[in-house]
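Report on one structure; see the data block that follows.
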Amino acid sequence: MKESYFPQEIEKKWQRVWEETKAFKTLDESDKPKYYALSMFPYPSGKLHMGHVRNYTITDVIARFKKANGFNVLHPIGWDSFGLPAENAAMKHNADPETWTDENIAYMTKQLKMLGLSYDWDREVTTCKPDYYKWTQWLFLQLYKKGLVYKKEAAVNWCDECGTVLANEQVIDGKCWRCDSVVEKKYLSQWFIKITDYADVLLEDLDKLTGWGDNVKTMQANWIGKSKGAIFKFPVVDAPNGEEMYVPVYTTRPDTVFGITYLVVAPEYKDIEKLTTSENKEAVEEYRANARKMTEIERLSTDRVKTGVPLGTHCRNPFNGEVFPLWTADYALVEYGTGAVMAVPTHDERDFDFAKKYNMPMKVVIENPENPSDCKDSAYTEPGVLVNSGEFNGMKNNEAKKAITKWAVDKGFGEFKTQYRLRDWLISRQRYWGAPIPVVYCDKCGIQPVPEDQLPVMLPKDVDFSVAGKSPITTSKTFKDTVCPICGGHATRETDTMDTFMCSSWYYLRYADARNSEKCFDRDTVNHWLPVDQYVGGIEHAILHLLYSRFFTKALRDCGLLDFDEPFKNLLTQGMVLKDGAKMSKSKGNTVDPDEIFENYGADTARLFILSDSPPARDFDWSDAGVEGCYKFLNRVWRLISTNADNITLDYKLNFPLAKENDDLIRTVHIAIKGITNDISNDFQFNTVISKYRELTNAIYDWQSKKSDLNEEDKNVLSFAIVSLMKLMSPVAVHLTEEAWSELGGIGSIHEQPWCEWDENLAKSSSITLVVQVNGKVKDKIEVDAGLNQDEMKQTALDSPKIKSQIEGKMVVKTIVVPGKLVNIVVK
RNA sequence: GCUCCAGUGGCGGAAUCGGUAGACGCGUUGGACUUAAAAUCCAAUUGGGCGUAUAACCCAGUGCCAGUUCAAGUCUGGCCUGGAGCACCA
């Protein structure tokens with residue numbers, strides 16, 4: 001065995017062996033229990049960054065640990081390969097996005113292999129390939145059949161200069177990223193997924209996800225945004241065309257209805273024109289036109305000043321008969337509730353601000369009896385008792401909510417209403433590099449889904465990527481014209497493609513049955529492998545990706561395609577990789593290239609370091625000195641093994657009793673096995689796992705420094721210690737341990753070896769440090785035999801000269817003994 | 001504004017149940033080996049009393065203020081600071 005550690009040499013060698021022997025292939029059939037470990041698949045942007053390295057290393061160690069512990073592990077990888085960057089690169093070079101994507105995948109695959117990850121490459125999925133997006137389209141059709149897909153007019157970011165729709169990321173400070181002109185809202189007919197049908201169950205089932213962090217669950221709960229309130233209809237008293245009209249509003253504060261002094265509708269409110277008098281028409285139109293342009297800019301400004309204009313018409317308050325004016329203001333949102341709000345300036349801060357600015361009347365209707373507020377300087381939003389509220393006076397406001405709504409329900413102008421902030425999912429993208437939406441428009445039959453046997457609807461190749469102002473897909477001469485599946489007449493294809501989140505909402509299902517060409521996936525196979533036991537990825541996907549995937553799972557269950565309702569049992573959201581306290585980014589110039597680390601130190605050092613300094617969920621600050629330190633440690637381990645190669649036997653035997661120092665080393669190993677196993681099992685605390693690798697290594701060196709010659713017993717004990725260390729390190733230092741195993745004459749791969757076991761009796765030291773406190777403060781520490789009983793512990797403590805001097809002349813009130821740990825003497 | 005998370009040496013961080021605060025590492029300092037360097041090894045490293053050495057001892061200390069307890073980094077209440085997410089959601 002070579003005395004020095006040459007990572008580059010051994011890593012290349014074993015990577016080749018693993019690839020040739022398909023060492024990490026997973027078979028569906030096994031008598032072992034299944035375990036599904038999954039990293040969020042990457043977008044093939046060009047090169048791996050350190051965030052990838054961290055993500056995949058964490059999952060890889062989990063997968064290897066579970067495999068060693070007797071599980072049949074599924075650990076796949078793939079590519080989230082549709083999306084904007086490929087299309088932009090293509091437009092820039094007038095090339096094919098597919099070529100760009102393929103090249104990136106090839107490069108990144110090479111890097112993943114260099115990291116020594118235990119993927120089953122036979123299950124690789126690539127979302128931009130027809131054998132995958134065929135099934136994305138097929139799933140779209142299943143949702144369509146289920147009534148979960150619909151088309152409606154929706155606002156998009158529109159750049160008039162470029163004549164195109166922009167993605168949200170392309171709108172910078174309300175302006176077009178390319179030409180810098182102001183982006184407007186424009187209404188286009190778009191495809192939506194009815195995720196709101198699942199709002200309630202998506203919220204409720206968060207409680208089932210005990211393996212998810214509260215931070216992610218709260219973010220999802222906030223996003224879904226459930227609130228309980230009421231809808232009231234307010235009759236319009238002076239509609240300009242004489243029509244009988246109502247304005248419905250949604251409110252969570254029915255208790256404040258007697259304080260309404262005006263009513264606001266959103267600038268986009270559908271009946272706004274009918275509610276505007278001819279005198280006010282011009283001002284209202286101007287305000288609405290402005291709102292259309294301002295929306296994006298306004299959204300980004302932090303201190304928005306509220307503005308609005310009166311419509312000139314009025315409503316009557318059916319609770320008290322008062323008549324109040326109608327306004328439009330952009331603080332009312334057309335997408336939420338009914339698009340109209342009742343304004344109670346005294347008890348709502350936003351209404352208060354608005355009322356102050358436009359001198360609206362105010363009327364206090366909720367009061368704290370102990371400390372009444374006149375609401376002259378701010379709105380009173382705390383609980384209280386109703387005043388100026390007719391028959392409801394004196395009622396507590398929380399009770400009044402129900403009572404007042406009930407009253408309105410009985411009179412026929414109100415209803416109880418649960419409202420969600422979650423909106424339906426807009427999946428139309430006016431771009432090329434995505435899965436085409438499998439729908440055609442027939443001149444006679446209207447919208448028709450593409451029959452399943454005609455899938456996939458292939459992306460056309462005859463496309464001009466140099467065009468500006470429209471989706472490149474529309475330049476194809478072969479794509480658009482087709483025949484109607486119903487009547488056989490002329491039809492045109494939908495040229496929108498799907499949001500890439502559609503592709504990534506089901507990829508974890510495809511891994512279970514990745515090469516199935518007959519079906520999206522086999523139901524039994526998916527039921528066997530899913531749910532994912534451990535999902536690992538960045539917090540940036542806490543809301544959209546995870547919510548869409550949860551929705552997909554529930555919807556596909558309702559389509560009868562699978563039999564579980566949550567896709568990811570446990571979720572680990574890893575922290576960011578920082579350098580010098582800031583997020584690594586090209587613009588800051590503080591990135592670290594994984595290739596350089598592999599080249600200079602090897603993948604094992606990279607793996608060890610990325611796990612070492614912080615727990616996985618926390619941010620990780622990259623330091624060059626830290627890498628260096630890990631490299632030195634691996635050298636130290638290698639030296640320990642290589643210089644002892646002749647002393648190590650893999651079939652060591654331990655005959656008890658042992659010499660004292662040998663017994664101590666055996667105990668140290670058992671303690672390490674127990675600690676490391678528990679640390680991994682308990683939230684994957686790899687940072688402490690690695691500190692325990694170091695402790696064990698230090699202990700073996702210490703032991704050895706006290707030995708001049710090794711007798712047979714020593715050699716067996718040393719073998720046990722070193723082989724255990726190798727096995728414990730094998731999920732992290734995958735190449736080093738494999739090489740050492742092979743050099744020491746191990747049969748097969750160390751990665752096929754079962755995990756180390758510990759003996760509870762040996763996993764504790766033979767002596768303990770007895771801590772003696774007086775009045776809760778540590779006054780002495782005494783090395784004692786671990787077997788001492790409580791009385792003996794107490795006596796030992798009282799016999800200590802230090803303690804004697806401390807308690808001299810005082811009265812012992814109480815003595816507390818914590819077995820195996822401490823004695824606390826309470827004196828007065 | 002609302003919600004969530006976090007706050008421990010010079011730094012990253014450790015501390016199953018409330019029971020030795022600072023494991024392990026980085027850095028720093030001193031030393032050994034070496035012609036020298038690298039590598040390696042040894043030692044010290046929370047602050048203060050404390051100063052020339054040695055040995056010991058004492059006090060304070062986990063963002064701040066209270067509380068519960070024999071005992072609090074850990075539990076409770078109230079704040080402060082930083083980060084993240086949502087953000088005119090009626």
Side-chain angles (χ1 to χ4, degrees), chain A residues 4 213-223 225-227 229 249-253 256 263-264 266 298-299 302 304-306 329-333 335-344 347-351 353-354 381 419-423 539-540 542-543 575-576 578 581 609 612-615 617-630 632-633 635-636 639 675 678-679 682 685 687-698 701 705 768-781 802 813-827:
Chain A
S4 301
D214 283 339
N215 53 344
V216 177
K217 285 196 276 188
T218 329
M219 277 160 76
Q220 292 218 348
N222 289 345
W223 187 262
K226 183 176 181 170
S227 74
V249 303
Y250 170 75
T251 181
T252 55
R253 296 297 305 274
T256 64
L263 198 149
V264 177
E298 280 285 289
R299 281 235 165 107
T302 45
R304 271 159 261 163
V305 178
K306 288 187 177 49
D330 59 11
Y331 82 91
L333 305 174
E335 312 93 347
Y336 187 75
T338 61
V341 293
M342 56 178 232
V344 184
H347 305 296
D348 181 283
E349 277 160 23
R350 294 152 301 184
D351 298 342
D353 291 346
F354 192 80
T381 55
Q419 187 69 40
Y420 299 91
R421 296 171 69 160
L422 182 69
R423 313 276 154 81
I539 188 76
E540 67 273 20
I543 298 175
M576 283 187 302
L578 313 176
F609 177 58
S612 68
D613 268 6
S614 293
R618 249 196 266 180
D619 286 350
F620 176 91
D621 208 335
W622 182 274
S623 83
D624 295 336
V627 183
E628 196 74 39
C630 286
K632 283 183 186 172
F633 172 64
N635 273 283
R636 193 165 142 81
R639 233 174 13 250
N678 287 344
D679 283 356
N682 178 22
Q685 298 174 44
N687 54 329
T688 56
V689 167
I690 284 157
S691 69
K692 281 164 185 153
Y693 291 163
R694 293 176 185 271
E695 283 177 34
L696 180 56
T697 307
N698 292 345
Y701 267 110
S705 70
I768 56 155
T769 307
L770 177 66
V771 174
V772 188
Q773 298 178 329
V774 175
N775 288 346
K777 301 213 167 189
V778 179
K779 294 296 173 187
D780 200 6
K781 296 174 189 178
K802 283 184 193 170
V813 182
K814 200 173 178 186
T815 308
I816 287 130
V817 180
V818 182
K821 266 191 185 145
L822 116 176
V823 175
N824 186 14
I825 302 164
V826 187
V827 295

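Residue numbering restarts at 1 for every chain, and letters A, B, ... go by the order of the sequence lines. Note: hydrogens, waters and symmetry copies are ignored here, and every other heavy atom, side chains too, is used.
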Please confirm whether the backbone N or O of A:Phe633 pairs with a side-chain atom of A:Tyr693, one donor and one acceptor, at under 3.5 Å?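 Not at all, since once roles are kept as given, no pair shorter than 3.5 Å links the two residues.
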If we ignore hydrogens and angles and just use 3.5 Å, is the side chain of A:Asp619 paired with the main-chain N or O of A:Met576 as donor and acceptor? yes
Taking the [atom1] atom in each of [N] and [M], what is the distance between them to the nearest angstrom?
| N | M | atom1 | answer |
| --- | --- | --- | --- |
| B:G83 | B:U29 | P | 33 Å |
| B:A38 | B:G30 | P | 14 Å |
| B:G27 | B:G13 | C1' | 14 Å |
| B:G18 | B:U28 | P | 40 Å |

Using whole Å, report how far [atom1] of [X] lies from [atom2] of [N].
| X | N | atom1 | atom2 | result |
| --- | --- | --- | --- | --- |
| A:Ile690 | B:G13 | CD1 | P | 14 Å |
| A:Asp619 | B:C11 | CG | P | 18 Å |
| A:Glu628 | B:A39 | CD | C1' | 11 Å |
| A:Asn635 | B:C41 | CG | P | 10 Å |
| A:Phe354 | B:A90 | CZ | P | 18 Å |
| A:Arg253 | B:A90 | CZ | C1' | 10 Å |
| A:Lys217 | B:C4 | NZ | C1' | 13 Å |
| A:Met576 | B:A6 | CE | C1' | 13 Å |

NA contact type, [X], heavy-atom cut-off 4.0 Å: base, sugar-phosphate, or nothing?
| X | result |
| --- | --- |
| A:Lys226 | nothing |
| A:Val818 | base |
| A:Asn698 | sugar-phosphate |
| A:Gln220 | nothing |

In the strands shown, is [N] matched to any nucleotide by a Watson-Crick or G-U wobble pair with both distances under 3.5 Å, and which?
| N | answer |
| --- | --- |
| B:G12 | B:C24 |
| B:C33 | none |
| B:G82 | B:C5 |
| B:C70 | B:G19 |
| B:U54 | none |

Does [N] have its OP1 or OP2 closer than 4.0 Å to a side-chain nitrogen or oxygen of [X]?
| X | N | result |
| --- | --- | --- |
| A:Lys777 | B:A60 | yes |
| A:Ser691 | B:G25 | no |
| A:Asn215 | B:A6 | no |
| A:Thr688 | B:C24 | no |
| A:Tyr336 | B:A90 | yes |
| A:Arg618 | B:G12 | no |
| A:Arg694 | B:C26 | no |

Closest to the [X] side chain, choosing from [options]:
| X | options | value |
| --- | --- | --- |
| A:Val778 | B:G19, B:A21, B:A90 | B:A21 |
| A:Asn824 | B:G19, B:A90, B:G12 | B:G19 |
| A:Lys632 | B:U20, B:U40, B:C59 | B:U40 |
| A:Asn687 | B:A14, B:A90, B:C24 | B:A14 |
| A:Glu695 | B:A90, B:A23, B:C86 | B:A23 |
| A:Lys814 | B:C88, B:C70, B:G27 | B:C70 |
| A:Lys781 | B:A15, B:C70, B:U20 | B:U20 |
| A:Lys821 | B:C17, B:C70, B:A39 | B:C17 |
| A:Ser227 | B:C4, B:A87, B:A90 | B:A90 |
| A:Ala332 | B:C4, B:G19, B:A90 | B:A90 |

Using the closest heavy atom to pick a nucleotide of RNA chain B for each, name whichever of A:Arg421 or A:Glu349 lands nearer the 5' end.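 Nearest-nucleotide comparison on RNA chain B picks A:Glu349.
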Which residue lies more 5' along RNA chain B, comparing A:Arg639 with A:Ile539 via nearest heavy atoms: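 It is A:Arg639, whose closest nucleotide lies nearer the 5' terminus.
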Under 3.5 Å, is there any donor-acceptor pair linking the side chain of [X] to the base of [N]?
| X | N | answer |
| --- | --- | --- |
| A:Lys306 | B:C88 | yes |
| A:Asn222 | B:C86 | no |
| A:Gln773 | B:G19 | yes |

Within the 4.5 Å heavy-atom criterion, are [X] and [Y] side-chain neighbours or not?
| X | Y | result |
| --- | --- | --- |
| A:Asp624 | A:Glu628 | no |
| A:Thr815 | A:Ile825 | yes |
| A:Val774 | A:Val827 | yes |

Syn or anti for B:C17, with syn set at within 90° of 0? syn
Chi class for B:G73: syn within 90° of 0, otherwise anti: anti
Crowding at CD, A:Glu349 (>12 non-hydrogen neighbours, <6.0 Å):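 For A:Glu349, atom CD is not crowded (no more than 12 foreign heavy atoms under 6.0 Å).
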Pair A:Asp679 + A:Lys692: basic N to acidic O under 4.0 Å: yes
Once the angle between the rings of A:Phe609 and A:Trp622 is folded into 0 to 90°, is it parallel (under 30°), tilted (30 to 60°) or perpendicular (over 60°)?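 Judged by the thresholds at 30° and 60°, the geometry between A:Phe609 and A:Trp622 is perpendicular.
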Please name the pair of heavy atoms, one in A:Ala332 and one in A:Ala266, separated by the smallest distance, quoted to 0.1 Å.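 Result for this residue pair: O-CB, 3.3 Å.
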